[in-house]
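Written below as structure tokens is the structure these notes are about.
Along the sequence shown, residues are numbered consecutively beginning with 1. Side chains are part of it too, since the values below use all heavy atoms of this structure and drop only hydrogens, waters and symmetry mates.
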Amino acid sequence: MKYLILIQSNPRSLAAWDAMSDDERMAFGRDHLRLSDEMADAGVLVASEGLADPSLAKWVSVRDDRTIPSDGPFAEVKEHLAGFYLIDCASMDDAVAWAGKVPDAKYTEVEVRPVLDMSGWEF
């Protein structure tokens with residue numbers, strides 16, 4: 001079963017980041033890299049990425065068969081998706097155990113969500 005571990009940037013995580021020294025920030029990043037390696041070695045890692053600032057994102061809509069990218073307007077948000085781990089493991093309990101190793105979980109919550117298996121769906 002696949003699970004997505006979602007890492008949110010929010011006021012608590014930003015306050016923790018701001019309070020870190022440069023060395024602590026580097027260690028935080030290395031902890032993410034180590035966790036990715038640990039997940040890969042365990043055979044559960046499908047993908048893992050940090051995401052760029054939301055100001056670099058595009059909103060996309062389709063109207064009259066035209067794809068329309070937009071830079072905004074941007075809503076005032078206090079939380080945004082900062083990164084994720086996509087893992088494939090036996091159970092939600094296993095996924096929660098992996099989520100507990102995400103460095104961000106020390107400062108804020110991370111979300112674990114099952115990925116819908118649509119492989120048997122007909123279209």
Side-chain angles (χ1 to χ4, degrees):
M1 178 90 183
K2 289 184 183 157
Y3 296 89
L4 191 60
I5 300 171
L6 300 162
I7 302 166
Q8 299 290 333
S9 175
N10 58 49
R12 275 191 297 155
S13 64
L14 290 173
W17 181 260
D18 288 342
M20 288 181 193
S21 68
D22 287 343
D23 288 342
E24 289 170 323
R25 289 177 181 176
M26 290 298 291
F28 184 83
R30 284 192 297 273
D31 288 345
H32 272 288
L33 295 173
R34 276 198 271 303
L35 179 57
S36 291
D37 288 344
E38 183 181 348
M39 288 176 168
D41 290 346
V44 300
L45 184 64
V46 176
S48 172
E49 297 292 343
L51 300 175
D53 189 271
S55 66
L56 301 173
K58 295 281 187 187
W59 287 91
V60 177
S61 59
V62 176
R63 301 292 182 269
D64 299 320
D65 292 325
R66 275 188 354 167
T67 300
I68 306 165
S70 172
D71 288 336
F74 297 105
E76 179 70 28
V77 295
K78 295 186 189 285
E79 186 169 306
H80 65 270
L81 186 61
F84 68 90
Y85 290 89
L86 178 60
I87 60 174
D88 193 345
C89 57
S91 68
M92 175 62 91
D93 288 341
D94 290 345
V96 166
W98 283 111
K101 295 181 178 193
V102 173
D104 304 70
K106 294 175 186 171
Y107 306 102
T108 187
E109 297 80 19
V110 297
E111 179 182 354
V112 178
R113 190 183 304 179
V115 174
L116 280 177
D117 179 5
M118 300 184 342
S119 61
W121 291 20
E122 292 184 29
F123 60 95

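When every heavy atom of Asp71 is checked against every heavy atom of Ala57, the shortest pair comes out as OD1-O, 4.3 Å. Among all heavy-atom pairs drawn from Ala95 and Cys89, the shortest one is N-SG, 3.6 Å. The minimum heavy-atom distance linking Val112 with Ala99 is given by the pair CG2-CB, 3.4 Å. Taking each heavy atom of Leu35 and Pro103 in turn, the nearest pair found is CD2-CD, 4.3 Å.
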Enumerate, atom names and distances included, each donor-acceptor pair closer than 3.5 Å involving a side-chain atom of residues 78-88, sequence neighbours excluded.
unit_1, atom_1, unit_2, atom_2, d
Tyr85, OH, His32, O, 3.4
Tyr85, OH, His32, ND1, 2.6
Asp88, OD1, Met1, N, 3.2

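The side-chain contact (heavy atoms from CB on, under 4.5 Å) search around Arg63 returns Ser61, Ile68, not counting sequence neighbours. Residues forming a side-chain contact (heavy atoms from CB on, under 4.5 Å) with Met20 (at least two apart in sequence, or on another chain): Trp17, Glu24, Arg25, Phe28, Tyr107. In this structure, the side chain to side chain donor-acceptor pair (under 3.5 Å) partners of Asp53, at least two apart in sequence or on a different chain, are Ser55. The side chain to side chain donor-acceptor pair (under 3.5 Å) check on Asp117 picks up Ser119, with sequence neighbours excluded.
Remark: of the listed residues Leu51, Val102, Thr108, Val102 is the sole one forming a side-chain contact (heavy atoms from CB on, under 4.5 Å) with Ile7.
At least one side-chain heavy atom of Leu45 sits under 4.5 Å from a side-chain heavy atom of Ser36. Using a 4.5 Å heavy-atom cutoff, the side chains of Ser70 and Val60 are not in contact. In this structure, the side chains of Arg113 and Leu6 come closer than 4.5 Å at one or more pairs of heavy atoms.
Residue pairs meeting the salt bridge (Lys or Arg N to Asp or Glu O under 4.0 Å) criterion with at least one member in residues 27-36, sequence neighbours excluded, are Asp31-Arg34.
Here Tyr3 contributes atom OH and Met92 contributes atom CE; the two are 5.5 Å apart, rounded to the nearest 0.5 Å.
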message = One pair to check against side-chain contact (heavy atoms from CB on, under 4.5 Å): Lys101 and Met39. What are the steps and the verdict?
response = CA-CA 10 Å; Lys101 295 181 178 193; Met39 288 176 168; over 6 Å; no

